[in-house]
Every structure is written in C-alpha cells, then in structure tokens.
Amino acid sequence: MADKKFYLTTPIFYPNAKLHLGHAYTTTVSDILVRYHRLMGEKTYFLTGSDENTQKMVDAARKDGKEPLEFLDGIVARFSSLFSELSISYDQFIRTTDQKAHWPGAQALWQKLVEAGDIYKKEYEGLYCVGHEAFITEKDLVDGKCPDHGTAPEFIKEENYFFRLSKYSDAIRQKIESDELLIVPATRKKEILSFIAQGLEDVSFSRPRKADWPQGLGIPVPGDDSQVMYVWCDALSNYITALGYGQGGELYEEFWPGMHVIGKDILRFHAAIWPGMLLSAGLPLPKTLLVHGFITSGGKKMSKTLGNVIDPEELLAEYGTDAVRCFLARHISPFEDGDITREAFKDAYNADLANGLGNLSARIMQLAATHLEQGTRPEAAEFPAEYIQAMEKFEINKAAEFIWSRIQALDQKITEQAPFKLVKTDLEAGKKIIFDLTQELYVIGCMLNPIMPETSKKIKDAVAANQKPENLFARHD
RNA sequence: AGCGGGGUGGAGCAGUAGUAGCUCGUCAGGCUCAUAACCUGAAGGUCGCAGGUGCAAUUCCUGCCCCCGCAACCA
C-alpha cells in the first residue's frame, strides 16, 4: 500500500481568458481524487498547467496591448491565485512555453515518432479561417464567408508534417475495449469506440512558424525551424514532459502512466490522438481517462449573453473554499452534466453545511466540552467500505452522499438517545454516548479530508481539543 | 442532417423486471444539546407518448415527440 503510486493530471488550460466554473470543477474533482489517494497513504503526483502556444492567446494579448509572453505571465498568475483559493494541492504547474521543463520532452517525443516512421510531410491547401484556426470547406461558406465569423477565409497552401494516426486505429481500439486504457464512464467509452470504428485519419502535426509569433512561443519542429508543433505534440505531451520525459526524469520512471481528468469536449484528443502518439513512441498508455460533463446554469450552458454565468471567484468570496468544493463534489456528478444556480447553491449550503455539518459539529462539541474531561485524537480512523468503494470508482458525489448519511444518522442518534438529558440522571452513561459521538464525528472529519480539507482539520482539531469549534458555516439568508 | 446526453411527485436528482426512493420546498407533531437548528409523520408521481416481448416493465425491444450539448469565454 505504502508504495502505491498515483499520478493525476488536469487538462492544461488556455490562457486567453480567466478561468470559469468549468475549469474550477475539473480542477476540484482532480484535487479531491488526489487528496483521497494521499489519504490512503499512496505516493501521489498532481499536475496541472497551461497550454500557451496558441494563436488565440496571441490575439488576446495584442487586444490587451501586451506582448504575448508578458500577457501570459499575468494570466498564469491569475490561474494560480484561483487554484490557491480552491485549495488545489498540485505538485507542478507546467507551461508549454517553458523551454527547460517542456520543450526537450516534446521534441524527444516528436523524434520518437519520426523514428517510428510515423511523421511525414504533406502539402496542404485549402481555405483557412482565422477565427476557427482551422481549414474549412467551401460548402461551409455562406456568400463566400465563414458563417460563424463573417470573414472571408484565406486560401492557403502550406506544407505541414502529419502524424500517421490511421496506422493505430486498431491498436487504440483494442486498448480501450480491453480497459487497458480505462475510460470512465462507460458511455464515453462506447462513444469513442464508435468514433474509432470509423477509422482514424492522419492528423496535421505542425504549422509554419507565424511571423507575428515572438521567439519563445511555439516549439520548433526538430530539424525544421520553419515549422512549429501543432497542438497535439505541443500540448498533449505535457503529461509526460512535466515528469521529465526525454530528460532522464526520475518522476517519469516513477509515475507514468497515470490518469487524466478531462471534460467531455476533449475526449477524442485524449482517447485517440494521444494514445496513438504513445503507441508510436512505444510508451505506456495512460491507465484511466475520467471524462466529466459540463456545468450548466438553470439548464442552459453558461453564457455572457444569457447572463447566467457563475464566476467561481464570486462564489469563493461569498461562501469560502470548502463550501464551493462541497457543492461541486456533492451536487455535480463527475460523469454527467450538472447544474448550478445561485439559489441552488445557497439552499445546498444552508442544508448541507450550516444546518447539517456545522450544526452537528456544534451540538456534539458543545456536549463534549461541557461533559467530557479531555479530547481525543483516535489513532487511525476506519474508513467505511461504502466510502472507499465510491472513491475508488471516482464517484465522489456518492462518497459525499455517504458522509451526509452519516451526519444525518448522528443527528438522529442524538435525538433518540438524548445524552443531554441522560447526563442529569446517569452521568457516566451520558458521557459514554457523548464520547462515542465525538469519535464518530472524528471519522466524518477524516472522510471529509479530500473534499473539504480545511473543515476536516477544524473538526478533527475540535475533537482533539475537546472544544466547540468556531461557527463553521454561518447561515446565508 | 449526423453524433451524444436527457425526459420520474412543486423544484433538483437516484433507481430497479415484481409494495417507486433521496434532497429541497409544503403541512402537522416532537425535542431543546445545537447555527430560528435537529427528529418524527403526512400530503403529492398513471416514472415523455404509442406499440411489442414477459406471469409481471418505470426498468428490455421498436417507433415517435420534446429538451440540451457538439459553433462562443470553453472543462
């Protein structure tokens, strides 16, 4: 058990805008899983980062009147400030513009694909839409313009490198079917298998270096400085470059392969292109892909025009870190789309935290502080099987549900056994009940560790100190 | 068009071939240790529609209807 390893990554995020609730969700789910495995005594490594070599970022920077690299530093600082407010316990933040940490590994991986004979040059011509950052076909056009962006596409003829993904369709399918590459939930596995069954096409793997990209942006293709890597080798590779792949990294030897937490929109890249690259390079595939859904608000996708955007920063400022983590963990399924509104958040906060956990802690610890002589810090808390099973299956909402069923059971127990009454007639019997309550509260504190690290500590400390904690969660009305 | 997800008491969700559960809300009662909290009970659903297979379907199959996402700030 002690030498079990757990490596988990989030996607790397686009630094052209600030992070929204969806990013906060991915990262929080990831953090809960990592903290759980850490709690189980495993050696963990938790990676997150930013995907920086992109045209959209350059555009956003210029629009902001900043040089891209300077702009990036500012955005990345905001990322880490959000992560810190969310108590995200990552070990490393990888940036794809990092020429020391990232580039050598990405280039080493490219080289492997070349050696495997899977990189070839191809002339490509077509209509390129700048807004899409992609080629579009003539039949997409309306009046000669891109219907989404209202601009005429440029006719581009360029030579690019391609990756022979088609060669790996069968091998990838086999790995996924056999769960060697486990895709959770099963519906996503089915979805990607039906996609792969159509046969995978080779993918464009590089772009000509753009004149307006500064030095330091875009990873040069080994042996061809006129080209930079396209997103696949540039970004997906972060999962191993961060561990020092290609640079004799010990972390790589120790932790790869691990698991990726991703949103449903990037399933294809992670379940088709990325495994294809790894197969070509002769490297192990990730063990698990956890694919979560999107967070909607009022049943609709959050959008500025609808005005239903919920900003994680605002929620954090109003309710605090653990309250936000608790909502995301308990009320959003890690496998499907989930919904949040301010009203629902407030209701859940009052029910789960103020009336539930907070009030229970207060009533038990008030009794304990009044009637017990001293606190206790139980040696090793037993984790109930239901909790373990849910967490192992990544069902953090069910794990949370289980904790709250325990909270309810304790409230019932206090009412039924009425230790506050019993102490007046049979002090010892009353004290025994109160002591038991503190022990059970302590276990709840332990189980809460991954989901609500701060609250977990406060509860355990309160039991240890035999003191009623400060009001943990004040009601919001 | 195609692909994917979903339609279950007022709201949000679980769930299973055989008396339909949970949370919130509502109503009534109880308790007083606690954060006007907590506990108990009640009302409220023909489980989208129509067929089919089964002794039996909300649960399996077929068809249909409706909603949502796949295009934006994107996980």
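Chain letters run A, B, ... following the sequence lines, proteins first and then strands; every chain starts at 1.
Contacts of A:F294 with the nucleic acid, taken as non-hydrogen atoms under 4.0 Å apart, include base atoms. Nucleic acid contact class of A:L472 (heavy atoms, under 4.0 Å, all strands): base. In this structure, A:K421 reaches the sugar-phosphate backbone alone: every heavy-atom distance under 4.0 Å involves primed, P, OP1 or OP2 atoms, never a base.
Nearest to the side-chain atoms of A:T187 among the listed nucleotides B:rG5, B:rC38, B:rU35 stands B:rG5. In this structure, the nucleotide among B:rC38, B:rG4, B:rA75 sitting nearest to the side chain of A:H20 is B:rA75. Relative to the side chain of A:L367, the nucleotides B:rC33, B:rU35, B:rA75 differ in distance, and B:rC33 lies closest. Nearest nucleotide to the side chain of A:Q366, out of B:rC74, B:rC33, B:rG4: B:rC33. Closest contact between the side chain of A:F420 and the listed nucleotides B:rU35, B:rU32, B:rA75 involves B:rU32. Candidate nucleotides B:rU35, B:rG69, B:rC33 were compared by shortest atom distance to the side chain of A:I414, and B:rC33 ranks first. You'll find that the side chain of A:D411 is closest to B:rC38, out of B:rC38, B:rA75, B:rG69.
Proximity of A:Q412 to the phosphate of B:rC38: no side-chain N or O atom is located under 4.0 Å from OP1 or OP2. A close approach under 4.0 Å does occur between a side-chain nitrogen or oxygen of A:K468 and OP1 or OP2 of B:rU35.
Using a 30° and 60° split on the angle between ring planes, A:F93 and A:F83 fall in the tilted class, from 30° to 60°. Using bins of under 30°, 30° to 60° and over 60° for the plane-to-plane angle, the ring pair A:F383/A:Y387 lands in the parallel bin. Using the six-membered ring where Trp is involved, A:F255 and A:Y7 have ring planes that are tilted, between 30° and 60° apart. Relative ring orientation between A:W232 and A:Y230 is described as perpendicular, the plane-to-plane angle rising above 60° on a 0-90° scale split at 30° and 60°. In this pair, A:H260 and A:H270 present their aromatic rings perpendicular. The plane angle is above 60°, beyond the 30 to 60° band.
Taken from NZ in A:K457 to OG1 in A:T455, the straight-line distance is 11.5 Å, to the nearest 0.5 Å.
For the C1' atoms, the distance linking B:rG6 with B:rU58 amounts to 15 Å, nearest Å.
In RNA chain B, runs of at least 3 stacked Watson-Crick or G-U pairs (N1-N3 plus N6-O4 or O6-N4, or N1-O2 plus O6-N3, all under 3.5 Å) give these stems: B:2-7 with B:65-70, B:10-13 with B:21-24, B:26-30 with B:38-42, B:48-52 with B:60-64.
Other residues, nucleotides and ligands place more than 12 heavy atoms under 6.0 Å from the CD atom of A:E318.
A salt bridge is defined here as a Lys NZ or Arg NE, NH1 or NH2 lying under 4.0 Å from an Asp or Glu carboxylate O, and A:D170 with A:R173 meets this definition.
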Margin query: Assess the residue pair A:Y319 and A:Y349 against the criterion (ring-ring contact (aromatic ring centres under 6.0 Å, His included)); give the C-alpha distance rounded to whole Å, side-chain angles, the decisive distance to 0.1 Å, and a yes or no.
Written below: CA-CA 8 Å; A:Y319 291 93; A:Y349 172 89; 5.0 Å; yes
Sub-3.5 Å pairs of nitrogen or oxygen atoms, protein against nucleotides 22-25 of chain B:
| from | atom 1 | to | atom 2 | distance (Å) |
| --- | --- | --- | --- | --- |
| B:rU23 | OP1 | A:Q408 | NE2 | 3.4 |

Taking only N/O atoms, report every protein-nucleotides 10-14 of chain B pair under 3.5 Å with atom names and distance.
| from | atom 1 | to | atom 2 | distance (Å) |
| --- | --- | --- | --- | --- |
| B:rA14 | OP1 | A:E336 | OE1 | 3.4 |

